[in-house]
Engineer: 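Input: one structure, supplied below.
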Amino acid sequence: MIREIRKNWPLYTMFLPIAVYFLIFAYAPMAGVVMAFKDFNYRGGIFGSPWNGFDNFEYFFRSGKAWLVTKNTIMYNVVFLGAYTLFSVMTAVFLSEVYNKFFKRVSQTFLFLPYFISWVTVSAFVYNFLNYEYGIVNVILRKLNLDAIDIYSSPSIWFLILPLLYVWKWVGYGSILYLAAIVGIDQEVYEAATIDGASRWQKITRITIPLLKPTMIILILLGLGRIMRGEFDMFYQLIGNNGMLMDATDIIDTLVFRSLVGTQDFGMASSVGFYQSVLTLIIILSANYLVRRYDKDQALF
Amino acid sequence: MRNKFSFVVTMLLLFSLVLAACSSNNDGNNGAAETNGSSASPSGSANSDAIDNSKEVKLSMYLLGDAPKGMPEVMEQVNKKMKESINATIDLNYIGWGDVQSKYPLILASGEDVDIIFTADWNFYVQEANKGAFYPLKQDELNKYMPKQMEKLNPEALKAAEINGVPYMIPTATPDRKASVAVIRKDLREKYGVPAFTKFSEIGPYLEAIKKNEPNMIPLNLDNQFDLPTPHLYLTNEKIAYTQPLDSGNPMAQGIAYDYEDPSGKVFTTVEEPFLSASKYASNIMKEWYDKGYVNKNPYANKTRSKDNFCEGKSGVAFGNSLDVAAMTELCASKGFDVEIITATSPQGHAPQNTWLNNGLAVAANSKNPERALQAMDLIMQDPEIVYLVSFGIEGKNYVINADDKIALPEGVTPENNTFPTDSSGFWFVNKDLFKPLANWPQSYIDHINSVGEKLKPQLYAGFTFNSESVKSQIASVANVSTQYGSPLFIGAVKNVDEAYVQLADKLKAAGIEKIKAEMEKQTTAYLATLK
């Protein structure tokens, strides 16, 4: 062990700050998981408060919506992750094929811009686009003598709107990751292909995409780590407490927020955090297992 | 070698991702555990008679809302006075309205430097007191450190603040005399020939006239927080005397109600008779208005209160209470139109008097100087000089006392450019009997505020505080069901009112509302026994 450290000391030195960061912010708070099983009060703190078994979990499973929100959370996130990966890769490939530098920079900037806009702002302008009375969409529909759509009370439309907004916001960020991977591909491979008479399309499908696969797998596996958490900001800001949309748009985080915002109970909030963590662990382990069976080198561990 | 290294890195990464969910829930609480152990216990000086203020201290105070622009200057003056009287200064902080629900408990939990904090029955008093967030108050300490407030405070108020026999807050000595109101445009009502009315349920023709003649104005432009349940509540209130659920105090939630005109104090859920038919009546009217387009279609996404865009002509009606519409009526008057104020009343024409715990202050459990904090609270609540400073600002700059002995704006200052508008600083718990009347209120407002007192009726349960500890899971579930199935009924956005109520009742039953009712019956019976 000591010999190993001595041999690779630059690597370990570089690793040290990260290790410290994770020890403090990820490993130490792990002990707080006991709060899910405690009747928390300030006097006793996390460790001194009395145990109360599974009482904290009761409200979540009694709500009758535990299965619905779990399903919604997973479903939305799978769609998000899939659409995000697909569009990021597509954008990155297209951008890499653009040779006009000016156009490339400008489009990249515009694609990246939404990443910096918070969901609060997005919700404000989405409201101004879509609301029934004076939203731009409905004003145009009325001008064309069509019926206005009451979007905020039509749940099915949101199955489309939410992924669209998600992709719009994140695709710029994702495409940069993939673009970096594309730039890293050895140019000689492309030159060889050109000499062999490969078309542009063939070069994309036969060289770029297969060489991007390891990056995609890693990013998807990492993305799975967030799968039970959803985009709380997005759902809460866009949907809020709109009862009419709720069956279609309720995720675990919004349900918990709505239930506990008046009760302010830390134990009950932690219980669902614990539930999410357990599910996430299962999902990651199984995803990694599948990847390993299919291609051992691509798996995380 | 390389493999082992990357294995460690990926394991770390992975665990961090897995745990991110739960660690984010715990962030605020680690601190609480540490500081609680070391929090200073009240010093022994309570035993001796003399008050020892020899050590200068800085007290940290938290209020709700936003600081008016002129606050630093005002605090400078307040602190000068504080320093002289009790050798302490106050560091004032605000929790913005949008952050109250998340930040308020965190400030108390984090063990952050906080001594004095605003509290009220509508702002988590019971929940936080149950969690041990506040310093338990003892009668002898109060008599010693808060003599002026104790003299003015009705003992019943302090009794109402008791949780398991111990009070944790000092309520205001002068509970607000206010009722819920709807404000309409007098000029428009007269212009379109709608006859005058005094009950909210008679507002239909006015809404119709606005809808027909004012294309840029939404008759009821509701926001997603305050306004959303309000018109429904006013309509319900005309059939059965009701304010808000007794269990959670949250007007958005379903829960346990009682008729404040009924001396027996019987409690019932919001989905059983006699409440149900009143609520259905209100929902049917709301549905009619919603279908006719009198209500904005998406109140859930609208964050602007009707009271804040009423004077700009965006809403036909503004909702609020007797006190918080004052500044709005002034603004409307300065824009050249008069308003009419409709008070929401019970079938017998009454409005409920405020509870004792509607406004108040508490000392944080981990305050290092609770005695000094109590003394500072005594000054803030009762010292005339400080009360005027924190309520009206600096004399000569923000207000003047005019020849009629009324409070007026100085030359050149308007309601819009005043750096310290009246009643904007969040000090709602001061002794308001010390106030002189305001000069620039429009006549319609003066008439309202003078007449509102007669309508107020004391509530049977004004001194009752529900301890929700044993049914908190059920209250959480009910809150969740209410948002999804209850709130569309508030604005009438349902296809069939009767069916929606059946569904709501089923969901509430599954959420355990009967258990809350049983607990409520137990506690109210015990409370009523103490009154006899």
Side-chain angles (χ1 to χ4, degrees), chain A residues 4 8 11 15 18-19 22 25-27 29-30 32-33 35 40-43 45-48 55 58-59 62-64 123 127 131-133 150 152-153 222 225-226 228-229 240-244 246 255 258-266 268-270 273-274 276-277 280-281 284 300-301, chain B residues 1 5 7 9-27 29-30 32-33 36-37 101 105 108-109 124 127-128 130-133 218 224 248 250 253 296-298 300-302 365 472-477 479-480 483-488 493 507 510-512:
Chain A
E4 152 77 20
N8 285 317
L11 286 177
F15 174 65
I18 299 173
F22 280 112
F25 291 104
Y27 281 81
M30 243 198 274
V33 106
M35 225 160 81
F40 179 77
N41 64 51
Y42 297 151
R43 275 179 292 267
I46 293 177
F47 299 107
D55 286 3
E58 196 191 335
Y59 82 98
R62 277 177 63 114
S63 67
S123 83
Y127 178 67
N131 84 62
Y132 186 79
E133 284 88 6
D150 188 3
Y152 279 89
S153 47
L222 290 177
R226 294 172 47 85
M228 296 310 298
R229 301 181 62 200
N241 285 332
N242 191 336
M244 284 175 281
M246 229 158 245
L255 175 84
R258 217 168 48 242
S259 306
L260 297 184
V261 76
T263 322
Q264 308 277 345
D265 193 283
F266 296 120
M268 280 152 83
S270 314
F274 181 69
Q276 287 171 306
S277 303
T280 311
L281 185 67
I284 292 190
L300 277 174
F301 50 87
Chain B
M1 242 29 96
F5 174 74
F7 174 75
V9 178
T10 41
M11 276 304 276
L12 273 173
L13 263 172
L14 208 68
F15 267 103
S16 73
L17 289 163
V18 173
L19 290 159
C22 67
S23 63
S24 65
N25 283 326
N26 297 335
D27 282 347
N29 307 311
N30 291 329
N36 260 318
Q101 289 178 324
L108 288 167
F124 316 120
Q127 290 94 323
E128 292 300 328
N130 266 326
K131 277 191 274 183
I218 302 173
N224 63 354
S248 61
N250 175 5
N296 52 331
K297 282 265 184 283
N298 327 118
Y300 299 108
N302 180 20
K472 61 185 182 186
S473 303
Q474 283 78 11
I475 288 184
S477 301
N480 170 44
T483 335
Q484 183 170 0
Y485 301 98
S487 68
K507 297 280 178 189

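Scope of the values below: all heavy atoms of this structure, side chains included, with no hydrogens, waters or symmetry mates. Residue numbers start from 1 in every chain, and the chains themselves are labelled A, B, ... in the order their sequence lines are given, proteins ahead of strands.
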Engineer: Please classify the contact between Ser487(B) and chain A as side chain, backbone, both or neither, with a heavy-atom cut-off of under 4.5 Å.
Structural biologist: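 For Ser487(B), side-chain heavy atoms alone lie under 4.5 Å from chain A.
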
Engineer: If I measure from the heavy atoms of chain A, does Ala510(B) come under 4.5 Å with its side chain, its backbone, both, or neither?
Structural biologist: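 Contact with chain A: backbone only.
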
Engineer: For the residue pair Glu58(A) and Gln474(B), what are the closest heavy atoms and their distance?
Structural biologist: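 Closest approach of Glu58(A) to Gln474(B), heavy atoms only: OE2-NE2, 3.7 Å.
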
Engineer: Can you say whether Asn224(B) sits under 4.5 Å from chain A via the side chain, the backbone, both, or neither, judging by heavy atoms?
Structural biologist: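 Nothing of Asn224(B), per the 4.5 Å heavy-atom cut-off to chain A.
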
Engineer: Kindly write out the residues that satisfy side-chain contact (heavy atoms from CB on, under 4.5 Å) with Glu128(B), not counting sequence neighbours, or none if the list is empty.
Structural biologist: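 Scan of Glu128(B) (side-chain contact (heavy atoms from CB on, under 4.5 Å), adjacent residues dropped) gives Tyr42(A), Gln264(A), Tyr104(B), Pro105(B), Leu108(B), Phe124(B), Lys131(B), Ala133(B), Phe134(B).
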
